[in-house]
Number of protein chains: 2
Amino acid sequence: MDRFLSSFVHNVDAKGRVSVPASFRQVIASRGIRELFAMRSLSQPAIDVGGPELMEHYEKQMEAVDPFSDLYQELAIYAYGDGAYLKFDTEGRILMTDFIRAHTGITDRVTFVGVKNSFQLWEPDNFEAFRGALREKLRDRLTRDRGGSTSVETPE
Amino acid sequence: MDRFLSSFVHNVDAKGRVSVPASFRQVIASRGIRELFAMRSLSQPAIDVGGPELMEHYEKQMEAVDPFSDLYQELAIYAYGDGAYLKFDTEGRILMTDFIRAHTGITDRVTFVGVKNSFQLWEPDNFEAFRGALREKLRDRLTRDRGGSTSVETPE
DNA sequence: CCCGTTCCCATTGACGCCCACGGATGCCCA
DNA sequence: TGGGCATCCGTGGGCGTCAATGGGAACGGG
């Protein structure tokens, strides 16, 4: 039970707060994550949330780049300037800031999606559409690769 | 929590004052930074702000240049000539001087961008445009040469 | 003496902490 | 096996605190 799994839809209250799923909080605690870090996903209208590894991932990549190059500077701005800390309140809730809303389209509901070592925040309809498209894509690929006599069934 | 992280937009009042984000002031205090340096970014319409390491960073960068060359002279003038020490008032605010405004285009709002060991001052619209372009650039790089040594990969 | 700069105080709006409620779940015991 | 109970979790609201902001007063240099 140490990885983020499954997805949950939670409500945003009038103050912009959302409860982080209890199971996610458990994972966070068991991993010893103290500070929750959030980054805009590069390819999706979603926010990636996780521990410091999320940022360290980019730091590692920066090590291979000339520290005085423009690319290095740009990576630094992306890794450090384009994210935010998320603070829990005493109830285990986080705030949907403008930074999150603008990138995801979230208003009054949020889908939490577990992605192993981190999780994502989505606007529920967006995620539903994305998930549907993703399934189809994967199904096509699977049927093709397997010679595709029958469709591939996934448990719901 | 000892690095400059995330970005904030603050207002400039009629006297030219802006509140430095509380979290940045906290980093400054925890690092024991006494004097805040400000100088022009070499590659962006932004001001770099930080402690003494910032100046050392510039100096290292300039070491690659012949100290008696015109380029060196020009770099020195560019970076130092218009550089400044920033003083806080009792409220934790700094002044938007003319040289800051001229280089960045800042008028009545400022974006503070954390970049690990220092932070930057941007005119909000400029930064937003820059950030958008940067995201696109990094995303292209990600999808184009996947697995390449210089590629940028997202976690998971 | 005037102007710019720094200090001090007031306001307001956001955020963190506290408590309260209701539904669902799981547990215990008959 | 089924009913009742305790607990946990998601949710909502009230309140105190602090940060961001704005304006006025005092100070100092030119």
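These numbers come from a predicted model, not from an experiment. Values below: all heavy atoms of this structure, side chains included; hydrogens, waters and symmetry mates excluded.
Protein atom NZ of K87(B) is 10 Å distant from nucleotide atom P of dT5(C), rounded to whole Å. In this entry the distance linking NZ of K15(A) with P of dC15(C) reads 11 Å, nearest Å. Between I94(B) atom CD1 and dT6(C) atom P the separation is 12 Å, expressed in whole Å. Between the CZ atom of F24(B) and the C1' atom of dA19(D) there is a distance of 15 Å, rounded to whole Å. Rounded to an integer number of Å, the gap from L86(A) CG to dG16(C) P is 11 Å. A straight line from CD of Q26(B) to P of dA19(D) spans 9 Å, rounded to a whole angstrom. We find that CG of D89(A) is positioned 12 Å from C1' of dG10(D), with the value rounded to whole Å. Look at CZ on F88(B): it is 14 Å from P on dA19(D), rounded to the nearest Å.
When the shell of 6.0 Å around CZ of R25(B) is examined, it contains more than 12 heavy atoms from other residues, nucleotides or ligands.
Under the 4.5 Å side-chain heavy-atom criterion for Ile, Leu, Val, Met, Phe, Trp and Tyr, V27(A) and L5(A) are members of distinct hydrophobic clusters. Hydrophobic clustering (side-chain heavy atoms under 4.5 Å, transitive across Ile, Leu, Val, Met, Phe, Trp, Tyr) groups F8(A) together with F88(A).
For A22(B), counting side-chain heavy atoms from C-beta on, the closest listed nucleotide (dC7(C), dC17(C), dA19(D)) is dA19(D). Of the candidates dT6(C), dA20(D), dG16(C), the closest approach to any side-chain atom of L95(A) belongs to dG16(C). The listed nucleotides are dC17(C), dT11(D), dT21(D); the one nearest the side chain of H10(A) is dT11(D). Between dG22(D), dA20(D), dG12(D), one nucleotide has an atom nearer to the side chain of D13(A) than all others, and that is dG12(D).
Residue side chain R17(A) does not reach the base of dG16(C) through any donor-acceptor N/O pair under 3.5 Å, judged by distance alone. Taking only distance into account, the side chain of R93(A) never meets the base of dG16(C) through a donor-acceptor pair shorter than 3.5 Å.
Toward the 5′ end of DNA chain C lies the nearest nucleotide of E91(B), the other residue of the pair E91(A) and E91(B) mapping further downstream. The nearest heavy atom of DNA chain D to A14(A) and to P21(A) marks one nucleotide each, and the one closer to the 5' end goes with P21(A).
The stretch residues 116-125 of chain B has no heavy atom under 4.0 angstrom from DNA chain C at all.
Note: F24(A) and F4(A) have perpendicular aromatic rings, judged against thresholds of 30 and 60 degrees for the angle between ring planes. Using a 30° and 60° split on the angle between ring planes, Y58(A) and Y78(A) fall in the perpendicular class, above 60°.
At a threshold of 4.0 angstrom between heavy atoms, the contacts of V20(A) are confined to the sugar-phosphate backbone, with no base atom among them.
A salt bridge links R131(B) with D82(A); the closest basic N to acidic carboxylate O contact falls under 4.0 Å. Ion pair E59(A)/R3(B) flagged as a salt bridge, since at least one NZ, NE, NH1 or NH2 atom sits closer than 4.0 Å to an Asp/Glu carboxylate oxygen.
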